[in-house]
Amino acid sequence: MDEPITIDGSMGEGGGQVLRTSLALSMSTGRPFRIVNIRARRKHGGLLRQHLTALNAAAEVSRARVDGAVPGSVEVTFEPRNVLPGSYRFSVGTAGSATLVLQTVLPALATASAKSRLVLEGGTHNPWAPPFDFLERTFIPFLKRMGPDVSCQLERPGFYPAGGGRFIVEVSPVARLSRVSLLHRGAIRRSGCRAVVAHLDMNIGHREVGAVCRGLGWSPDWAEVTACPESTGPGNVLIVAIESEHITEIFTGFGARGVPAERVAAGTVEEVRRYLAAGVPVGVHLADQILPLLALGGGGSFRTVAPSPHTMTNIDVIERFLDVRIECARIADDIWEITVEHARGLDSGTQA
Ligand SMILES: Nc1ncnc2c1ncn2[C@@H]1O[C@H](COP(=O)(O)OP(=O)(O)OP(=O)(O)O)[C@@H](O)[C@H]1O
């Protein structure tokens, strides 16, 4: 076996992303790793349910040998063998994010030898994680630009604290993810917002979309409020979509007990304004999530807002696993161009 790469889980953001990115890269490259200080910068460090589910999912898909896969663990060794596509069901068992579990195994399955079908259960709309709508309309379309065919379908949303969400993902892989260049978003074709309200007063949603339309100067016709009777527990999410020629970006706010609807909307409006003002295609969250894909594939470049700590941390993790150079160049105030280049040079690929 190759000597395992040692990853310090306290690097940068020091959260679950360091573990998940390491798992994703290890599965795809076949390189074993040992991670210490898992989630050291979080109040309750070590493996929580979501991280343990991601670890077990990665181990199942890549038939890995694993040490330390127990709740609360701060040290794990992971040695992948073969990535085996197929039918899998991964259940977080709590409201922990199921979309983050998916993102851990998706890069390897997107370049596996055959199709896969995944059932994911847990939280689908969690604060501080990619909500299902972002996965469906932003992250997966980006991955599809790189070659694989991927579809996802929400069966039932899962909100904190009840969880119980479920979605299905089908993946038709390609041999290698192609290079992507996404420097421009093109003209904005459609904008809109939607508040989803599950087992709560619908007025919350009406106040949220009202505040978004006022804040962004949008017509009330661009907003909708939907109930969600199929949700196991109560919950509320506000989703703002900016559909441009080359990309759709999704911005999300989450209702919480004691937080006025107008305050939920104000945070989301702030994020949307920043994105619109920068004029870039890739928003702050998509930026950190696509870096492992570019690094595993043919590299590429994209324009985004100023890199977040998650982005900088992912760059550090990626550079431990792969012989790539990732550069962040500031073009203007809040406009940055991130380039991922393989030491051995770049392929040709899609451009926008
Ligand atoms: N509103 C959002 N839309 C899309 N992606 C999001 C959103 N909020 C957070 N994310 C993404 O979720 C990921 C969160 O990673 P992080 O390491 O913080 O998570 P974690 O493992 O759930 O938590 P912890 O911080 O408890 O370790 C990042 O990739 C971030 O870009």
Side-chain angles (χ1 to χ4, degrees), residues 7 9-24 35 37-55 57-58 71-74 76 92 94-104 106-107 122-143 159-160 163 193 196 236-242 247-256 264-265 267-272 274-275 282-293 304-318 338:
I7 299 291
S10 71
M11 69 163 84
E13 256 286 304
Q17 178 205 39
V18 179
L19 170 70
R20 288 187 307 271
T21 301
S22 299
L23 289 168
I35 179 168
N37 300 325
I38 294 173
R39 299 184 61 255
R41 293 192 193 275
R42 296 296 183 259
K43 195 168 161 204
H44 303 288
L47 297 178
L48 299 183
R49 284 296 282 269
Q50 174 244 114
H51 314 101
L52 194 54
T53 310
L55 171 59
S73 178
V74 293
V76 163
V92 181
T94 60
S97 168
T99 60
L100 289 174
V101 174
L102 171 72
Q103 286 185 335
T104 308
L106 199 48
T124 59
H125 293 81
N126 301 54
W128 308 297
F132 178 84
D133 306 74
F134 173 89
L135 191 74
E136 182 184 35
R137 299 178 67 186
T138 305
F139 181 80
I140 287 181
F142 187 92
L143 177 57
F159 296 101
Y160 179 82
C193 64
V196 179
N236 160 237
V237 59
L238 170 66
I239 299 153
V240 177
I242 306 289
I247 191 161
T248 294
E249 263 292 4
I250 296 289
F251 304 86
T252 321
F254 291 90
V264 173
T268 312
V269 165
E270 206 45 54
E271 269 195 66
V272 176
R274 179 187 181 195
Y275 176 74
V282 175
V284 68
H285 296 300
L286 186 63
D288 78 74
Q289 295 166 40
I290 58 181
L291 282 171
L293 302 174
T304 183
V305 293
S308 67
H310 276 106
T311 291
M312 299 315 291
T313 307
N314 249 3
I315 291 174
D316 286 346
V317 177
I318 290 165
I338 302 187

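Order of appearance sets the numbers: ligands from 1, and atoms from 1 within every ligand.
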Indicate, as side chain, backbone, both or neither, the part of [X] found under 4.0 angstrom from ligand 1 when only non-hydrogen atoms are considered.
X: Pro127; result: neither
X: Leu286; result: neither
X: His285; result: both

[atom]: which protein heavy atom is closest, and how many Å away?
atom: atom 11 (C) of ligand 1; result: Gln289 NE2, 3.4 Å
atom: atom 23 (O) of ligand 1; result: His51 NE2, 4.1 Å
atom: atom 26 (O) of ligand 1; result: Arg39 NH2, 2.7 Å
atom: atom 18 (O) of ligand 1; result: His310 NE2, 2.8 Å
atom: atom 14 (C) of ligand 1; result: Trp128 O, 3.4 Å
atom: atom 20 (P) of ligand 1; result: Arg20 NH1, 3.6 Å
atom: atom 17 (O) of ligand 1; result: Gln17 N, 2.8 Å

Side chains of [X] and [Y]: closer than 4.5 Å at any heavy-atom pair?
X: Gln50; Y: Arg20; value: yes
X: Asn126; Y: Leu100; value: no
X: Phe132; Y: Leu102; value: no
X: Glu249; Y: Phe134; value: yes
X: Thr99; Y: Pro131; value: no
X: Val282; Y: Ile338; value: no
X: Val76; Y: Leu55; value: yes

From Asp288, Thr311, Ile290 - option closest to atom 30 (C) of ligand 1 by heavy atom = Asp288
Taking atom CZ of Phe254 as the centre, does the number of heavy atoms from other residues, nucleotides or ligands within less than 6.0 Å exceed 12?
-> yes
Going by the atom numbers of ligand 1, which of them fall below 4.0 Å from some non-hydrogen atom of [X]?
X: Gln50; answer: 20 (P), 21 (O), 22 (O)
X: Phe134; answer: 4 (C)
X: Pro131; answer: 2 (C), 3 (N), 4 (C)
X: Gly16; answer: 17 (O), 21 (O), 24 (P), 27 (O)
X: Arg42; answer: 18 (O), 24 (P), 25 (O), 26 (O), 27 (O)

Distance-only, no hydrogens or angles: does the Thr248 side chain make a donor-acceptor pair with backbone N or O of Thr138 under 3.5 Å?
->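 No, because the side chain of Thr248 does not come within donor-acceptor range (under 3.5 Å) of the backbone of Thr138.
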Checking side-chain hydrogen bond (donor to acceptor under 3.5 Å, both in side chains) against Arg39, which of His44, Gln17, His51, Glu13 comes through?
-> His51
Closest heavy-atom pair and its distance - Ala57, Val101 |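 Minimum heavy-atom separation between Ala57 and Val101: CB-CG1, 4.1 Å.
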Please state whether Ala129 comes within less than 4.0 angstrom of ligand 1, counting heavy atoms only.
-> yes
